[in-house]
Protein chains: 2
Amino acid sequence: MPTPERTSLDEIVGAGRDLLESGGLDGLTMQAVAHRVGVRAPSLYKRVRNRNELIALIAHATVRELGARVDAAAGDPDGDPRPALRRVARAARDFAHERPAGFRLVFTPGAEPRLDTDALEASIAPVLRLASGLAGEEHALDATRTFTAWLTGFVSMELAGAFRLGGDVERAFEFGLARLTSAFADGLRDRGLL
Amino acid sequence: MPTPERTSLDEIVGAGRDLLESGGLDGLTMQAVAHRVGVRAPSLYKRVRNRNELIALIAHATVRELGARVDAAAGDPDGDPRPALRRVARAARDFAHERPAGFRLVFTPGAEPRLDTDALEASIAPVLRLASGLAGEEHALDATRTFTAWLTGFVSMELAGAFRLGGDVERAFEFGLARLTSAFADGLRDRGLL
DNA sequence: TGATACATAGCTATGATGGCTACGGTCAAT
DNA sequence: ATTGACCGTAGCCATCATAGCTATGTATCA
């Protein structure tokens with residue numbers, strides 16, 4: 001048996017997530033992470049290849065948590081997809097408010113950490129199912145992309161402070177949600193389910 | 001009269017924008033910028049306070065250019081807002097495809113460069129006008145936010161490669177555009193203009 | 001016209017910080 | 001004792017940023 005680990009990878013990633021939230025990407029230095037887990041910076045390199053990999057691990061953990069929340073929010077597969085979609089949207093937004101830096105990290109890749117497409121797809125699966133129920137099988141993918149684009153865009157702009165000038169953000173959120181839902185519900189209508 | 005400038009601020013910002021596109025934020029080092037304008041790094045600090053300010057200036061210039069394009073795409077204020085909205089969406093997306101790194105920089109703040117809210121609002125003004133024509137005065141702001149959220153979210157995800165797995169991105173874009181436009185057109189209908 | 005003063009551009013040199021590597025010491029399990 | 005995992009010290013290199021110097025050219029005044 002190897003010597004039991006003193007500082008696990010989970011600890012490192014957790015510390016990294018905390019630091020990311022408190023100080024942004026700039027605050028996420030290897031020294032800061034090391035200090036938080038009670039170790040010197042070079043020791044981290046036994047668990048993590050380099051800083052970019054740590055960032056990728058943080059993004060991955062964040063996506064997994066978001067996916068779990070969205071999945072829980074989606075709920076009963078046989079229920080009305082419209083309230084379920086609303087729960088999903090709120091769950092994602094709540095999550096973004098709790099971990100804004102993590103949310104930004106996940107939904108603003110392209111630069112450093114390659115987007116973890118698989119994990120993201122998994123967390124989107126529930127939305128795809130709801131969209132299928134609303135807009136019909138043939139429009140499920142397009143509707144999902146429209147919905148997720150709106151949702152992530154809205155939350156990103158909200159986090160960025162783009163909505164600070166006037167207006168009620170909550171109302172705008174409900175407005176967009178309602179209009180999108182009803183726009184997708186054409187699928188229900190077409191199939192005589194409405 | 002002071003000595004005429006040899007390397008202007010515009011030159012520096014322009015070089016910075018080019019470097020941003022070719023090498024991302026990491027490639028945007030002061031030395032690289034200096035080398036590109038034919039100068040040593042310390043000399044840049046005569047024009048720019050520090051690297052963050054340079055990044056902010058780059059973001060500002062990018063927003064201004066985007067705003068000009070959107071404004072041009074919006075076109076005739078008295079025309080049908082629906083095709084105008086489509087032109088605006090395409091103009092923004094085209095711009096993002098031309099300068100992906102710049103687009104990301106502008107629409108992913110919160111971290112480093114504080115969002116230039118004023119410039120952004122200005123570039124959104126045409127959309128606000130179109131949204132007002134479509135959804136009515138009382139829903140103009142909400143509709144604008146829904147539309148811009150969808151648009152920036154869609155483009156961001158597209159740039160991040162989130163749409164690589166299956167499906168036709170072009171079709172998804174047109175789908176979202178059409179559904180949103182028709183969802184907003186309730187305003188037209190309510191006022192008996194449709 | 002010619003000399004001086006000054007503002008500005010640019011440089012070299014230097015400090016500080018952070019990522020990362022090399023290597024060595026320590027301790028537990030075998 | 002040997003092995004292997006863990007962690008530290010020391011050090012390298014790149015980058016941002018600053019301090020202080022030199023040079024150049026314009027402007028002003030004799």
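Protein chains get the first letters and strands the later ones, always in sequence-line order, with residue 1 at the start of each.
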Between A:F163 and A:F154, does the ring centre distance come in under 6.0 Å? yes
Interatomic distance where [atom1] belongs to [X] and [atom2] belongs to [N] [whole Å]:
{"X": "B:L44", "N": "C:dT8", "atom1": "CG", "atom2": "C1'", "value": "15 Å"}
{"X": "B:Y45", "N": "D:dA19", "atom1": "OH", "atom2": "P", "value": "12 Å"}
{"X": "B:N52", "N": "D:dA17", "atom1": "CG", "atom2": "P", "value": "7 Å"}
{"X": "B:H35", "N": "C:dG10", "atom1": "NE2", "atom2": "P", "value": "15 Å"}
{"X": "A:D26", "N": "D:dA17", "atom1": "CG", "atom2": "P", "value": "10 Å"}
{"X": "B:Q31", "N": "D:dA17", "atom1": "CD", "atom2": "C1'", "value": "11 Å"}
{"X": "B:L28", "N": "D:dA17", "atom1": "CG", "atom2": "P", "value": "11 Å"}

Could I get the full list of side-chain hydrogen bond (donor to acceptor under 3.5 Å, both in side chains) partners for A:Q31, not counting sequence neighbours?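 Scan of A:Q31 (side-chain hydrogen bond (donor to acceptor under 3.5 Å, both in side chains), adjacent residues dropped) gives none.
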State which residues pass side-chain hydrogen bond (donor to acceptor under 3.5 Å, both in side chains) with B:E21; sequence neighbours excluded, sorted by chain then number.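 For B:E21, no residue satisfies side-chain hydrogen bond (donor to acceptor under 3.5 Å, both in side chains) once neighbours in sequence are set aside.
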Rounding to 0.5 Å, atoms CG (A:L85) and CZ (A:R129) come to a distance of 10.5 Å
Distances under 3.5 Å between protein N/O atoms and the N/O atoms of nucleotides 8-11 of chain D, please, pair by pair.
unit_1 : atom_1 : unit_2 : atom_2 : d
D:dG8  : OP2    : A:R40  : N      : 2.7
D:dG8  : OP2    : A:S43  : OG     : 2.7
D:dT9  : OP2    : A:R40  : NH1    : 3.0

Would you say B:R49 places a side-chain N or O within less than 4.0 Å of OP1 or OP2 belonging to D:dA17?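 No, B:R49 has no side-chain N/O under 4.0 Å of OP1/OP2 on D:dA17.
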Where the side chain of B:N50 is defined as all heavy atoms beyond and including C-beta, which of D:dA17, D:dC16, C:dG19 is the nearest nucleotide?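 Among the listed nucleotides, the one closest to the side chain of B:N50 is D:dA17.
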Which listed nucleotide (D:dC6, D:dC16, C:dG19) is nearest to the side chain of A:R47?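 The answer is D:dC6.
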Can you tell me if A:H35 has over 12 outside heavy atoms packed within less than 6.0 Å of its NE2?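 Counting neighbours around NE2 of A:H35, 12 or fewer heavy atoms of other residues, nucleotides or ligands fall under 6.0 Å, so no.
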Is the ring pair A:F184/B:F175 parallel, tilted or perpendicular, if the boundaries are 30 and 60 degrees?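 Because their plane-to-plane angle is under 30°, the rings of A:F184 and B:F175 count as parallel.
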